[in-house]
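Beneath this line is the structure, given in structure tokens, with notes to follow.
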Amino acid sequence: MKLSKAWIVVLLVVIALISLRAMTGQGMGRVYVKAAPQTVEISADAATGTEAKTIRWMEWHAVPPKDYTAAQAADPAQTSIQMSWARTIGLWMAAFFTLAIFSFMYRDNPGYRVAEAVIIGVSAAYWMVIGFWDTIVPKLLGGLTPAFVREHILPTQIDQSFTQNIAMWCALALGIMLLMRLSSKGAWISLWPLAFIIGVTAGLKIVSHVESDLLAQSVATFKPLAAVQRDASGAFDLMPTIWKSLANILVVVGVLCCLVYFFFSVEHKGLVGRGARVGIWYLMITFGAAFGFTVMGRVALLAARMEFLFDDWLWLIDPAGKRAVDVAAMIVGI
Amino acid sequence: MDGYGGIQVSGFVRFLESLDRRWIYLAMAIAVAGPIIYIGLTGKTLPETATPAAQAVFDAIEELPSGGHVLFSFDFDPASGGELIPMATSIVRQCAARGHKMVFIALWPLGAQLVDETIKRVITADYPHMKEGVDYINFGYQAGNEAVMKVMLTDFAKAFPNSSNGTPTTQIPVVHGVTRASDFPLLVTISAGYPGAKEWIQYVVSSSGGRIKMVTGCTGVQTPQLYPYYPTQLTGMLGAIKGAAEYESIVNDAICKAHPGTTTPAKYLEAQRRMGPQLGAHLLMVVLIILGNIAFFAQKRAAAGAKS
Amino acid sequence: MKRMIPMWIAIVAGFAMLFSAFFPVTESLGEIFGDMFNVVAAIAFILGAGSLAKINLAKVSRRDPGWGYAAVTLACFALTLAAGLGKIGAAPNPKFAALAWSGDERAEGALFGWIYESALVPITSTMFALLAFYVASAAFRAFRAKNIDAILLLSTAFIVLLGRTFAGVVLTGWFPDWASGLRLENFSVYIMQVFNTAGNRAIIIGIALGVAATSLRILLGVDRSWMGTGGSK
């Protein structure tokens with residue numbers, strides 16, 4: 001109960017600060033856009049029956065708020081730079097989702113559940129759309145009906161060879177078989193496209209893994225155990241020689257010991273057992289390093305999200321100089 | 001002193017044992033948010049010294065004769081932009097300053113947009129004399145992961161028949177003379193996962209028989225996994241935000257030295273700014289580990305005392 | 001028959017890819033199979049989406065607990081799909097402005113791009129960022145120097161965490177030149193280049209051996225476990 005009260009206080013303080021921020025200086029969380037009118041002249045082409053025409057449309061590009069301030073100062077009636085309601089709503093949505101996900105740290109709540117539901121729906125559709133426009137249209141439709149793709153989507157689509165055409169029909173057939181998985185009766189036939197996927201993956205991976213990871217990595221391991229280092233004048237340099245040689249020895253020993261640990265066909269006793277033990281030590285150091293770097297990566301992402309909240313949403317900081325007046329700096333007098 | 005298992009342990013240890021996890025979360029939030037606000041207000045950053053892997057990236061780009069072709073693969077999306085966008089910005093900046101020809105591709109769907117943003121942020125803003133199609137080009141996203149890499153090894157134009165704005169590859173001056181991936185003396189991949197740096201090594205660098213030099217900027221999670229490839233299969237590497245900050249500082253120093261009197265714009269200090277929150281978070285982690293172990297050993301001693 | 005045909009499909013597809021790496025004449029075959037693979041993989045997204053829709057529709061129609069969230073999922077799915085497939089709000093490509101579908105659905109101003117920026121990016125990156133908090137809590141509760149293995153893991157994490165920030169320079173920057181290798185920022189690099197390289201290299205070699213062995217078993221038709229129960233010989 002005591003804890004809950006403390007957290008309510010924290011929450012209230014945060015809400016109060018955000019409200020204060022919204023009412024201070026330039027306010028917060030708005031996106032401005034600049035109009036960029038586009039015009040394209042289409043010339044007549046008798047061969048394709050195209051008539052001459054002019055196509056116009058408007059594009060709106062995001063600009064920093066200081067551009068809006070400058071444009072308003074120059075001409076208060078200007079409309080070329082204006083606030084975008086759609087993008088401002090998008091910014092507030094992004095802030096809401098960020099806070100909703102963070103709120104899970106306190107406990108599960110409807111805000112987090114909504115964000116979770118949104119991400120499931122959006123990401124499923126996102127990958128479907130990407131697959132459709134980037135693979136199915138240029139490769140499948142472009143192979144089966146190149147004229148249609150040229151006429152409506154990409155005029156530079158080239159005709160494919162007969163073999164490629166056949167291949168795309170086969171891919172379509174395999175794709176339809178894959179969709180049969182949704183039906184209880186025809187599910188067995190989805191094994192065929194699965195077999196194709198497994199076969200291609202196996203064929204693709206075997207060469208690259210053997211060439212790049214097995215052979216090249218083995219070669220890279222076996223370096224001279226006494227690595228003589230020389231300074232700029234060509235004279236023998238003792239300390240670097242010791243460090244480099246030690247490094248080479250430690251790498252060879254480490255790789256061999258770790259491989260011994262991975263080798264389960266022999267019981268880990270005696271010399272093998274001692275080697276495996278050293279292998280475990282190396283792996284522990286490896287995991288410790290991986291832990292350190294994972295922390296670093298996640299903190300960088302957290303910092304990026306917080307920068308989004310403080311900079312783009314709250315307008316509390318302005319390291320990139322996007323706004324005309326840095327309100328926070330003005331308040332604290334720095 | 002409170003009782004514990006029949007033996008006394010200090011109130012502090014009891015406090016540590018019963019500490020609610022949410023206070024730790026709050027401490028982490030403050031450790032990250034505090035430096036962000038401080039650096040955001042003051043603009044101060046911490047000094048950086050380059051590690052050999054980051055220096056190797058700089059040297060690989062610097063050693064390439066001016067006008068050399070560099071192939072960029074943006075294999076990430078905005079979700080990992082916190083670590084990778086500063087790397088992409090600085091590498092493109094160094095290449096532009098050196099006058100290299102830049103060819104951009106993306107094997108992640110959103111990578112193409114990040115290419116556009118990077119071009120706008122660096123080339124259009126600070127190197128306006130560079131012309132699209134002549135000095136740089138964006139080929140956009142191509143689906144197919146490793147399959148695209150394999151095709152590029154034999155026929156670049158087949159893998160990327162058009163640029164992102166629809167111009168046929170054969171009509172783009174910047175790629176005249178480029179027929180396959182090995183015609184690029186340097187490959188730069190900004191990598192967040194699959195497909196990324198590992199696949200480029202497996203399918204392109206290894207298959208090219210050492211003709212292609214590759215450098216990468218990768219996430220913290222990938223860095224330890226890519227170290228075994230450095231420096232034999234991977235010429236240089238920017239690991240996590242620290243690698244980005246080190247590299248950013250070398251590039252900024254080199255450009256300031258070449259143009260005395262100029263100051264570095266804030267957009268080229270993004271990684272160095274992020275090292276502040278890193279410091280706060282890492283110190284907190286170290287303190288938490290120490291406190292956790294103090295509680296553990298106190299408890300262990302108390303349990304041993306109770307037994308005896 | 002239901003098992004023989006898939007087995008042969010896997011063998012033919014696998015060997016086609018394998019040969020394409022060794023014989024230049026079969027390179028194009030490898031490319032064609034690669035394209036087919038991509039198309040089938042793209043169609044698999046439809047399968048995933050269909051499955052998602054089926055489950056959530058059932059939840060909504062049965063009014064299961066939490067059906068409101070299922071409805072949100074379905075609504076977001078439908079909206080994103082319509083925005084992306086219809087390229088709603090996408091400006092045309094200036095080079096092919098006359099074509100109806102020449103625009104990029106991900107470009108600035110398109111509804112699909114807006115959904116990506118406003119929902120997908122903040123949610124996914126914040127979910128990844130949450131791990132920073134959980135790791136901190138786990139470090140406090142579970143990182144115990146119980147034995148030599150744990151001490152090695154812990155001390156490496158310590159050195160990397162301190163050595164990769166300015167803290168390393170502050171704490172050990174005063175070490176004399178002859179001991180510069182022990183400065184945290186240098187020592188963390190040494191750990192990465194020596195111990196981490198050795199450990200990860202062994203893992204990479206182990207994985208490569210495993211991939212090669214499994215791939216060979218599939219290509220030779222020995223491993224059929226991927227077909228489901230009773231497939232393995």
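To find a chain, count down the sequence lines: A is the first, B the second, and so on, and within it residues start at 1. Basis for what follows: all heavy atoms, side chains included, without hydrogens, waters or symmetry-related copies.
- Counting heavy atoms from C-beta on, the side chains of P52(B) and V189(C) come closer than 4.5 Å.
- Atom CG of residue L110(B) and atom CG of residue L120(C) lie 8.0 Å apart, to the nearest 0.5 angstrom.
- Going from atom CD of Q225(B) over to atom CD1 of I203(C) covers 8.5 Å, rounded to the nearest 0.5 Å.
- Contacts of F33(C) with chain B are absent, with no heavy-atom separation under 4.5 Å from either backbone or side chain.
- The shortest side-chain heavy-atom distance between I204(C) and K198(B) falls under the 4.5 Å cut-off.
- Here the OG1 atom belonging to T49(B) is positioned 8.5 Å from the CZ atom belonging to F166(C), to the nearest 0.5 angstrom.
- Using a 4.5 Å cut-off between heavy atoms, L26(B) does not touch chain C at all.
- In this structure, chain B has no heavy atom under 4.5 Å from any part of I123(C).
- For the pair E48(B)/E185(C), no side-chain contact is recorded, criterion being any heavy-atom separation below 4.5 Å from C-beta on.
- With N293(B) contributing its side chain and A145(C) its backbone, the two residues share a donor-acceptor pair below 3.5 Å.
- With a 4.5 Å cut-off on non-hydrogen atoms, V135(C) touches chain B through its backbone and its side chain both.
- Contact annotation for L16(B): both backbone and side-chain heavy atoms come within less than 4.5 Å of a heavy atom of chain C.
- The backbone N or O of P224(B) sits less than 3.5 Å from a side-chain atom of N200(C), completing a donor-acceptor pair.
- Within the model, atoms CD of Q299(B) and CZ of R144(C) stand 7.5 Å from one another, a figure rounded to the nearest 0.5 Å.
- Taking OG of S137(C) as the start and CG of D20(B) as the end, the distance is 9.0 Å to the nearest 0.5 Å.
- Here the side chains of R164(C) and T51(B) are in contact, with some heavy-atom distance below 4.5 Å.
- The contact between L46(B) and chain C is made entirely by side chain atoms (from C-beta outward), counting heavy-atom distances below 4.5 Å.
- Contact of I289(B) with chain C is made through backbone and side chain together, with heavy-atom distances under 4.5 Å.
- Judged by distance alone, with hydrogens and angles left aside, the side-chain atoms of R106(C) form a donor-acceptor pair with the main-chain N or O of P109(B) at under 3.5 Å.
- Only the side chain of R141(C) comes within contact range of chain B, with at least one heavy atom under 4.5 Å from a heavy atom of that chain.
- Contacts between Y141(B) and chain C at a heavy-atom distance below 4.5 Å involve the side chain alone, from C-beta outward.
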- Output, in order, the C-alpha distance, side-chain angles, deciding distance and verdict of side-chain contact (heavy atoms from CB on, under 4.5 Å) for D155(B) and E31(C). CA-CA 11 Å; D155(B) 191 347; E31(C) 286 167 17; 5.8 Å; no
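- Neither the backbone nor the side chain of A27(B) comes within contact range of chain C; no heavy atoms are under 4.5 Å apart.
- Y230(B) is listed as a side-chain neighbour of Q193(C), based on a closest heavy-atom distance under 4.5 Å.
- K146(C) is listed as a side-chain neighbour of F296(B), based on a closest heavy-atom distance under 4.5 Å.
- Counting heavy atoms from C-beta on, the side chains of V221(B) and F128(C) never come closer than 4.5 Å.
- The shortest distance between side-chain heavy atoms of F158(C) and I290(B) falls below 4.5 Å.
- At a 4.5 Å heavy-atom cutoff, the contact between A147(B) and chain C is made by side-chain atoms alone.
- Rounded to the nearest 0.5 Å, atoms CE (M285(B)) and OG1 (T165(C)) are 12.0 Å apart.
- Interface remark: I24(B) contributes side-chain atoms only to the contact with chain C (heavy atom separation under 4.5 Å).
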